[in-house]
Amino acid sequence: MLRIGYIPEHFSTPIWFAKEKGFFENSEVEVELIPYPSGSGHLIQSLKNDKIDIAVGLTEAFVAGICRNDTQYKIAGTYVESPLCWAISSGVNRTDINSPEELHGKRIGVSRIGSGSYIMSFVLALQSEFSRPYYKSFPVLHNFANLRDSVNLKDGVEPSDAFMWEHFTSKRYYDNGEIKRIGEIYTPWPSWVIVGNSKLDQTQLQRALRAVQEGVNYFEEHKTEAVEHISTHLDYSKEDAMEWLKTVKFSGDVTRVDYNRSIVNTARILKTAGVIQQENEPDEVIDERLAAGISASKD
């Protein structure tokens, strides 16, 4: 039984199709799909603790982990080619926070240290030319609901001033007036990767990747069915699901990765932002870790 960890958002639809339409079964792989609503940081933790065999999550989180010498997993391929739009949100009644430029020295809520929501705050600081230290603190809030409560300064959660989460996942809560949007930032890299536990048998991994590719292909050919799934099983309106379809580009070959664009470029930006590389750690060490942390075919 292969345990596949995924984030239960609209991007997971091809994986759901792969399971629902029997593509894993056709590839002679028995799988359990395990949802991780708390995000990529939690997926990394579970890979390191041998609780899952495959993870589908955000490029920056896994590249950062590999640069920090996580050897328990390897990037097996690209899942989504298009960049991710991160919405920057604050509390609906927070008159003190109205733009990303006001976040210097503030409290940035994150799901976990090392997660995409954490890493993208550094990319924002770099693009905004903040001076160090970029922020006051990073309250760890574990999930999207807690992040929303935190910026609204609700009792029972640690307070924060802003957080970053995927645009369409956030939009429902702008529409209902729970939080307010103060800006957005795009990843300067392809947004999602598929990652395999280092202990995973490569034949099993390749069979699973083949099934995921079939799920992607089915998704591309059945957009109406995809919208129906997203709007009935996930936290999105039909209109938002249709808008998202216009923005997303899944990989045409999930066994490959554009090494320079997806891996080297991501690591370079993370290094400049101060997310990776310990003091006095040579660039060559980071390069070696990156090369060793990729099992995908490299373009």
Point to revise | Selection residues 104-113 - residue pairs positive for salt bridge (charged side-chain N to carboxylate O under 4.0 Å, His left out), sequence neighbours left out | key: R107-D161
Check your understanding: Judged by atom type as modelled, is there a donor-acceptor pair below 3.5 Å linking the side chain of S191 to the main-chain atoms of S82?
Key -> yes
Exercise for review: Taking S111 for its side chain and G39 for its backbone only, find out whether a donor-acceptor pair lies under 3.5 Å.
Suggested key: no
Exercise for review: Indicate yes or no: does D240 engage R172 in a salt bridge with an N to O separation below 4.0 Å.
Suggested key: no
Review point. Does a salt bridge link R68 with D70, judged by any charged N lying under 4.0 Å from a carboxylate O?
Key: no
Check your understanding: Going by the angle between their ring planes, with limits at 30° and 60°, are W244 and H10 parallel, tilted or perpendicular?
Key -> tilted
So [Y] and [X], do their side chains get closer than 4.5 Å, heavy atoms only?
X: D53; Y: I4; answer: no
X: K249; Y: V80; answer: no
X: I194; Y: L209; answer: yes

Once salt bridge (Lys or Arg N to Asp or Glu O under 4.0 Å) is applied, do any residues pair with [X], and if so which ones, sequence neighbours excluded?
X: E178; result: R148
X: K223; result: E220
X: E288; result: none
X: D155; result: none

Do any pairs count as a ring pair (Phe, Tyr, Trp, His ring centres under 6.0 Å) and have a residue in [range], sequence neighbours left out, and if so which ones?
range: residues 252-299; result: none
range: residues 80-109; result: H104-F130
range: residues 180-211; result: F11-W192

Point to revise | With V92, the side-chain contact (heavy atoms from CB on, under 4.5 Å) member among N152, N176, I179 | key: N152
According to side chain to side chain contact (heavy atoms under 4.5 Å, CB included), who are the partners of [X], at least two apart in sequence or on a separate chain?
X: T203; result: D201, R207
X: E225; result: F17, K21, Y218, H222
X: L126; result: I269, T272, A273

**Study point:** Aromatic ring proximity F168/Y236, centre distance under 6.0 Å
**Key:** no
Review point. Can you check whether Y79 and F250 have ring centres sitting under 6.0 Å from each other?
Key: yes
Report all side-chain donor-acceptor pairs from residues 289-299 shorter than 3.5 Å, counting only partners two or more places apart or in another chain.
{"unit_1": "R289", "atom_1": "NH1", "unit_2": "C67", "atom_2": "O", "d": "2.8"}
{"unit_1": "R289", "atom_1": "NH1", "unit_2": "E281", "atom_2": "OE2", "d": "2.9"}
{"unit_1": "R289", "atom_1": "NH2", "unit_2": "E281", "atom_2": "OE2", "d": "3.0"}
{"unit_1": "S295", "atom_1": "OG", "unit_2": "I75", "atom_2": "O", "d": "3.4"}
{"unit_1": "D299", "atom_1": "OD1", "unit_2": "R256", "atom_2": "NE", "d": "2.6"}
{"unit_1": "D299", "atom_1": "OD1", "unit_2": "R256", "atom_2": "NH2", "d": "2.9"}

